[in-house]
Amino acid sequence: MADLLPEHPDFLWRNPEPKSSYDVVIIGGGGHGLATAYYLAKNHGITNVAVLERGWLAGGNMARNTTIIRSNYLWDESAAIYEHSLKQWEVLPDELDYDFLFSQRGVLNLAHTLQDVRDSVRRCEANRLNGVDAEWLDADQVKEVCPIINTSDDIRYPVLGATYQPRAGIAKHDHVAWAFARKADELGVDLIQDCEVTGIVKDGNRVVGVQTSRGTISAGKVALCAAGHSSVLAEMAGFDLPIQSHPLQALVSELHQPVHPTVVMSNHVHVYVSQAHKGELVMGAGVDAYNGYGQRGGFHVIEEQMAAAVELFPIFARAHLLRTWGGIVDVTPDASPVVSKTPIDQLYVNCGWGTGGFKGTPGAGWTMAHTIAHDEPHEYNAPFALERFSTGALIDEHGAAAVAH
Amino acid sequence: MILISCPDCGARDETEFHYGGQAHVPYPEDPSTLSDEEWGRYLFYRENTKGIFAERWVHSSGCRKWFNVLRDTVTYRIAAVYRNGEPRPTLDGDSQ
Ligand SMILES: Cc1cc2nc3c(=O)[nH]c(=O)nc-3n(C[C@H](O)[C@H](O)[C@H](O)COP(=O)(O)OP(=O)(O)OC[C@H]3O[C@@H](n4cnc5c(N)ncnc54)[C@H](O)[C@@H]3O)c2cc1C
Ligand SMILES: [Zn+2]
């Protein structure tokens with residue numbers, strides 16, 4: 001497997017000094033900020049753009065996530081944006097001219113209780129009505145797709161079946177960021193690392209620039225793509241977000257021969273597992289309960305997810321834990337993102353993707369770029385505006401999202 | 001794992017507790033007079049402080065009482081624990 005990995009690339013983008021002014025300033029150089037910059041340039045011809053990143057590109061959640069990509073969410077609004085995203089994943093390796101190891105190995109979302117079964121079958125039907133590939137598999141069919149799963153009926157929460165989305169999969173997250181970064185840079189976008197935004201400059205109710213650790217930069221429009229730090233930036237701009245920032249942890253085992261052919265997620269026993277191209281078993285679960293900006297969490301959360309993994313996959317019992325880490329995820333009340341205009345003119349926000357925004361990277365960038373370019377949302381992100389928290393038109397995806405995505 | 005000092009039971013592991021989010025959020029005095037925006041703010045908006053945060057915990061596997069904690073959301077260090085109904089304590093270095 002290891003020989004499939006691409007060579008470590010050369011420098012992929014310029015590292016320019018910030019100019020004094022841009023048409024659009026994007027705050028946050030994670031996947032979403034980079035994809036927004038790329039689609040601004042490619043779909044809308046807007047190239048006088050800077051992405052400001054306080055650390056290094058993809059140093060936030062982008063290169064900390066467990067890289068699961070899928071679009072099997074329940075509601076029509078979610079199906080539209082996540083499926084658009086998945087369709088972009090299918091063309092992006094060619095479009096960005098970068099093989100970032102997008103592997104459509106499918107995802108199984110396990111059901112362990114009668115209620116799980118009913119909810120899962122319902123979600124499959126909803127997915128199919130929305131043109132999202134989805135099948136309900138019984139326990140024997142689950143075993144065919146993933147032979148190492150324990151489907152015996154003598155475990156605490158037996159596997160009763162699973163939803164299966166064959167087009168789902170994983171990709172190499174850091175390479176995805178570099179692919180977007182390289183193309184955005186080629187199209188003229190300035191990627192500026194080590195540049196922390198410390199204030200938002202306004203003229204009346206209109207944003208006109210940002211203060212940064214490298215000086216003040218004026219901007220026609222400003223886009224917040226800061227994931228876990230979205231609330232901090234919104235506060236600088238003078239508005240609030242319905243977001244709570246939580247630690248979310250993940251872990252990898254040492255390298256193993258390929259044993260796990262797909263992605264398996266279980267909301268009920270709280271773990272999800274895939275095997276990376278290099279051979280590590282990659283696992284994650286839910287967020288740590290408390291609010292946290294520390295990029296780390298409690299070991300009991302890791303312990304619980306490993307216990308669940310060993311119950312589902314007895315052959316992992318002797319695998320060794322190699323490394324654990326955490327990111328800061330931006331959680332909304334309905335487990336759906338916010339891609340929206342804000343109460344401040346010419347200021348836009350993309351956040352709230354929480355535990356599941358890696359898969360949404362192309363969709364977030366696509367719709368955010370449209371919103372910035374037209375000062376109006378794209379049809380795919382219109383339902384994900386901030387207004388839903390006063391109209392009550394929530395898009396509740398806790399069922400499809402529960403363990404983290 | 002953090003160690004939390006329940007006001008009644010003393011220091012126990014985090015796994016004995018459940019989290020309740022931001023403290024000191026009063027129920028609106030007259031909910032029927034609120035606009036949709038105001039009601040939405042009460043339901044869905046909570047502070048998301050980076051730094052010292054006043055938050056609620058319940059000792060679910062112990063005395064089952066709710067209480068409040070001042071905790072730094074960056075270091076996770078607990079600065080103060082106080083009972084329900086008591087005002088938020090002032091810390092050394094607080095600006096107010
Ligand atoms: C452990 C873990 C596992 C996950 N697993 C999955 C998964 O399997 N599938 C999935 O779809 N999603 C997953 N996610 C979620 C996904 O990673 C995020 O939703 C997504 O990465 C968020 O968008 P982003 O890439 O732009 O965020 P980030 O990479 O966090 O980008 C935000 C950037 O903003 C920068 N920033 C913040 N404040 C400032 C400032 N003041 N000035 C300048 N820059 C600033 C940060 O440094 C950061 O680089 C996971 C997340 C974690 C933590
Ligand atoms: Zn107690």
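Worth knowing before you read on, the calculation uses all heavy atoms, side chains too, and leaves out hydrogens, waters and symmetry mates. The shown structure was predicted, so the numbers you read here are calculated from the model rather than taken from an experiment. Each chain gets a letter, A, B and so on, in the order the sequences are listed, and its residues count up from 1.
- Contacts with chain A were tallied for B/T75, B/I2, B/D36, B/D72; B/D36 has the most, counting heavy-atom pairs under 4.5 Å.
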- Message: Run B/Y76 and A/Y290 through ring pair (Phe, Tyr, Trp, His ring centres under 6.0 Å) and show every step you take.
- Response: CA-CA 9 Å; B/Y76 306 161; A/Y290 49 73; 5.0 Å; yes

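- For A/L241, the part lying under 4.5 angstrom from a heavy atom of chain B is the backbone only.
- No more than 12 heavy atoms of other residues, nucleotides or ligands shown are found within 6.0 angstrom of CH2 on A/W56.
- Using a 4.5 Å heavy-atom threshold, the side chains of A/D240 and B/R41 count as touching.
- When B/K50, B/R46, B/E14 are compared by the number of non-hydrogen pairs under 4.5 Å with chain A, B/K50 comes out ahead.
- The heavy-atom pair separating B/R71 from A/N291 by the smallest distance is NH2-O, 2.6 Å.
- Residues B/Q22 and A/Q244 have side chains not in contact (no heavy-atom distance under 4.5 Å, counting atoms from C-beta outward).
- A/Y293 places none of its side-chain heavy atoms less than 4.5 Å from the side chain of B/T49.
- Per-residue heavy-atom pair counts under 4.5 Å with chain B were compared for A/T332, A/V301, A/D334, A/I243, and the maximum is reached by A/I243.
- Looking at B/E38, there are no atoms closer than 4.5 Å to chain A (heavy atoms on both sides), in backbone or side chain.
- Within a 6.0 Å radius of CD in B/E86, other residues, nucleotides and ligands contribute more than 12 heavy atoms.
- Heavy-atom distances place no part of A/E387 under 4.5 Å from chain B, backbone and side chain included.
- Within a 6.0 Å sphere centred on CG of B/D30, other residues, nucleotides and ligands contribute more than 12 heavy atoms.
- The structure places OG of A/S231 at 10.5 Å from OH of B/Y45, a figure rounded to the nearest 0.5 Å.
- By the 30° and 60° cut-offs, the orientation of the rings of A/F389 relative to B/F44 is perpendicular.
- Proximity to chain A is absent for every atom of B/L43, based on heavy atoms less than 4.5 angstrom apart.
- For A/E235, the CD atom sits in a loose shell: 12 or fewer heavy atoms of surrounding residues, nucleotides or ligands are nearer than 6.0 Å.
- Crowding of A/Q211 atom CD: a count of heavy atoms from other residues, nucleotides or ligands under 6.0 Å exceeding 12.
- Atom CZ of B/R77 has 12 or fewer neighbouring heavy atoms from other residues, nucleotides or ligands inside a 6.0 Å radius.
- A/R388 does not touch chain B: none of its heavy atoms, backbone or side chain, sits under 4.5 Å away.
- At a cut-off of 3.5 Å, with distance as the only test, a side-chain donor of B/N48 or A/S245 sits close to an acceptor on the other residue.
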